[in-house]
Asks: 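Sharing a structure with you now.
Quick note on labels: first sequence line is chain A, next is B, and so on, each numbered from 1. Values in this document were obtained by computation on a predicted structure and should not be read as measured data. Atoms considered below: every heavy atom in the structure, side chains included; atoms not considered: hydrogens, waters and symmetry mates.
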Amino acid sequence: MLEYFTLGIQVALQPVNLFYCFAGVFIGTLIGVLPGIGPVGAMSLLLPATFSVSPVAAIIMMSGIFYGAQYGGSTTSILVNIPGEASSVITCLDGYQMARKGRAGPALGMAAIGSFISGTISIVGLMVLAYPLAKAALSFGPPEYFALMCLGLIILTFLTQGSMYKALMMALLGILLGFVGLDMFTATSRFTFGVNELMDGIGIVPLMMGLFGISEILVNIEQPLKRKIYETKIKGLLPTLQDWVVCKWAVLRGTVIGFFLGILPGGGAVLASFVSYAVEKRVSKYPEKFGTGVIEGVAAPESANNAAAQSSFIPLLSLGIPPNVVMAVLFGGLLIHGIQPGPLLIRSHPEIFWGVVMSMYIGNVMLLALNLPLIGMWVKILKVPYTILFPLILLFCLIGVYSVNNSVLDIYLMILFGVVGYLMRKFDFEPAPMALAYVLSPLLETSLRQSLNISGGSFSIFFSRPISLVCMVFVIGLLVFQITSYAKKKRPLLPVK
Amino acid sequence: MDSLKIYDIYSALFLTALSGVTCLLAYRLGLGSIHNPGAGLIPLGVAALLGVMSIGLLLRGLLKSTVGSQQEGVFQGVAWRGVVLTLCGLLGYGAVFNRLGFRLSTFFLMLLLVGGVGRQTWWSTLAVSFFTVVFAYLIFVVWLRCPFPVGPLGI
């Protein structure tokens, strides 16, 4: 273990990797600050830019964008009352109220320091859990993988903000989109309509950038954002001793909740921030004050979303299963760089796993420096009019998507998925299940077909092996629970919208 | 399930049609057997399941829909001019990119988006468009060496 630890530090401290780590967390903070583009869009956009660098540098940068966005997202929530990221929505409630009371500094400081503490603890958890999990996953066969992926998709649809029924439909649509291209078993081209560029399937970059980037911009420009930055001098970024006394347990509870919800398929930073806020309100001695500028209302969700951002790497790096859409983009990035995420990754590419993990420590320190002393710079960026910002974002999406394959078809596909994503938002269909299902589709199909081959066409194989049996029981249980809840006209679990 | 809306019917109709076409195409690919699935078997199963769920959504919408003003609510207050101009700009960019080249098409796109959609003054539109082209050129062509098409007269 110690030798891997040393290897990781050596890799992370290489100048080129330090540079990409800094670039990642800087861009992550920037897109976290700017409403209109999230980590999924930014990571998809920058994926082509990583083709010329080593896989480890590419993954370090992409990871940095993700966890950097969690830091940056809180800035807009606190100062503008507009969340930069979905995971910072709940921070608006108390963060903005603190700013109105002249306590923007402590709110920003607590968000950054709480994020640093939770992120660091979560990385330790990642190191401890990922290795044994990957070892155990070596004994997994196709039925276990199929059952695990089904469970991941069902949990994701179960935890969506809207209707689970519609989320399931979107997951099925995502699986269908994943079938486009060459069938790996029979070498038959499927649903390509004679277009050679579709033989490799629909690219992950146009799909993600369309669904999450273009559609977001279309939603924003249909009713222009009117931002009111709370005009106050931000001073006293370090929280007081009293703030620390009040927040220490909130940070720790947020870390634990975020860590475990991050591992959960379909969970991730958004759910973690909502749950930790709800828990904090419940255990508080003054729950009625939440929403009026209570610092625990900032500390808990900000700690939770960072812990979740780091722990969501565990299923990706140890099992090869992305638990959420951001990890799905990272999964695509690893594949493009010729790295197969999964249980063998830690053994066959220890420099990638340990290098990325160690870079997270360094990235967290960089983020602390970026978010506290440089807060004034981010506030100035917030003042750039959206009428100038959105054309730039669109242009970068267009150039980014073209440069993957030098194909104009990818531009059209991105626009198509942008319109689809826009309509989906309008009609209350969630894009996340579709995107995750699309990424998992080839793995799902392969493991299902292999399982059926092994079992001679019997589906009982999924119920005769312990791990797949447990997963399938959960899948069926969740579906039955949802149906019975519908029969009683009651939504079982509906996160706050 | 969530509240009933009239536009669920439109979504359901579209998805039912899509699943129907996919089932047909998947069937033509060859189904094989359960023991040894062909290229079309699993797509057929997934499309059929989507079709069944879409019909469920359609029936729910038809039986219980409160046809009213909800449909208007979704698109109420939408500034269509900006949305349509932006989409036209994006499609146009794709159409002329190989002919006009990276620099010219980027310049015209920025003129449309900053001036037409963003409604900035002509001077700021021209300035933003020009500097964006220079900035994008330096990043993507000079630094990242992306092989973008060159337009007429080598511009």
Asks: Which bit of A:Leu409 comes within less than 4.5 Å of chain B, counting heavy atoms only: side chain, backbone, both or neither?
Replies: neither
Asks: Are A:Phe396 and B:Phe140 an aromatic pair by the rule of ring centers under 6.0 Å?
Replies: yes
Asks: Sort A:Val219 into side chain, backbone, both or neither according to what part of it lies under 4.5 angstrom from a heavy atom of chain B.
Replies: neither
Asks: Quick check: A:Phe462 with A:Phe146 (ring centres under 6.0 Å apart)?
Replies: yes
Asks: Please flag which part of B:Leu109 lies under 4.5 Å from any non-hydrogen atom of chain A: side chain, backbone, both or neither.
Replies: side chain
Asks: Under a 4.5 Å heavy-atom cut-off, does chain A meet the side chain of B:Ala136, its backbone, both or neither?
Replies: side chain
Asks: Checking heavy atoms, do the side chain of A:Leu392, its backbone, both or neither come under 4.5 Å from chain B?
Replies: both
Asks: Considering only heavy atoms, which portion of B:Val128 lies under 4.5 Å from any heavy atom of chain A: side chain, backbone, both, or neither?
Replies: side chain
Asks: Exactly one of B:Tyr10, B:Tyr7, B:Phe14 should register a ring-ring contact (aromatic ring centres under 6.0 Å, His included) with A:Phe427. Which one does?
Replies: B:Tyr7
Asks: Would a distance-only check, ignoring hydrogens and angles, find a side-chain to backbone donor-acceptor pair under 3.5 Å from B:Arg81 to B:Val117?
Replies: no
Asks: Could you look at A:Phe179 and say if it's the side chain, the backbone, both or neither that has a heavy atom under 4.5 Å from chain B?
Replies: side chain
Asks: Is it the side chain or the backbone of A:Ser189 that comes within 4.5 Å of chain B heavy atoms, both, or neither?
Replies: backbone
Asks: Given a strict heavy-atom distance threshold of 4.5 Å, which part of A:Ile411 is in contact with chain B: side chain, backbone, both, or neither?
Replies: side chain
Asks: At what distance, to the nearest 0.5 angstrom, does CG of A:Leu218 lie from CG of B:Leu87?
Replies: 5.0 Å
Asks: What residue in A:Ile175, A:Ile399, A:Leu452, A:Asn406 has the most heavy-atom pairs under 4.5 Å with chain B?
Replies: A:Ile399
Asks: Checking B:Thr86 against chain A: side chain, backbone, both or neither under 4.5 Å from a heavy atom?
Replies: side chain
Asks: Select one option (side chain, backbone, both, neither) describing which atoms of A:Ile454 are under 4.5 Å from chain B's heavy atoms.
Replies: neither
Asks: Please tell me if the side chains of B:Tyr93 and A:Leu394 come closer than 4.5 Å, counting only heavy atoms from C-beta onward.
Replies: no
Asks: Flag yes if more than 12 heavy atoms outside B:Trp122 fall under 6.0 Å of its CH2 atom; otherwise flag no.
Replies: no
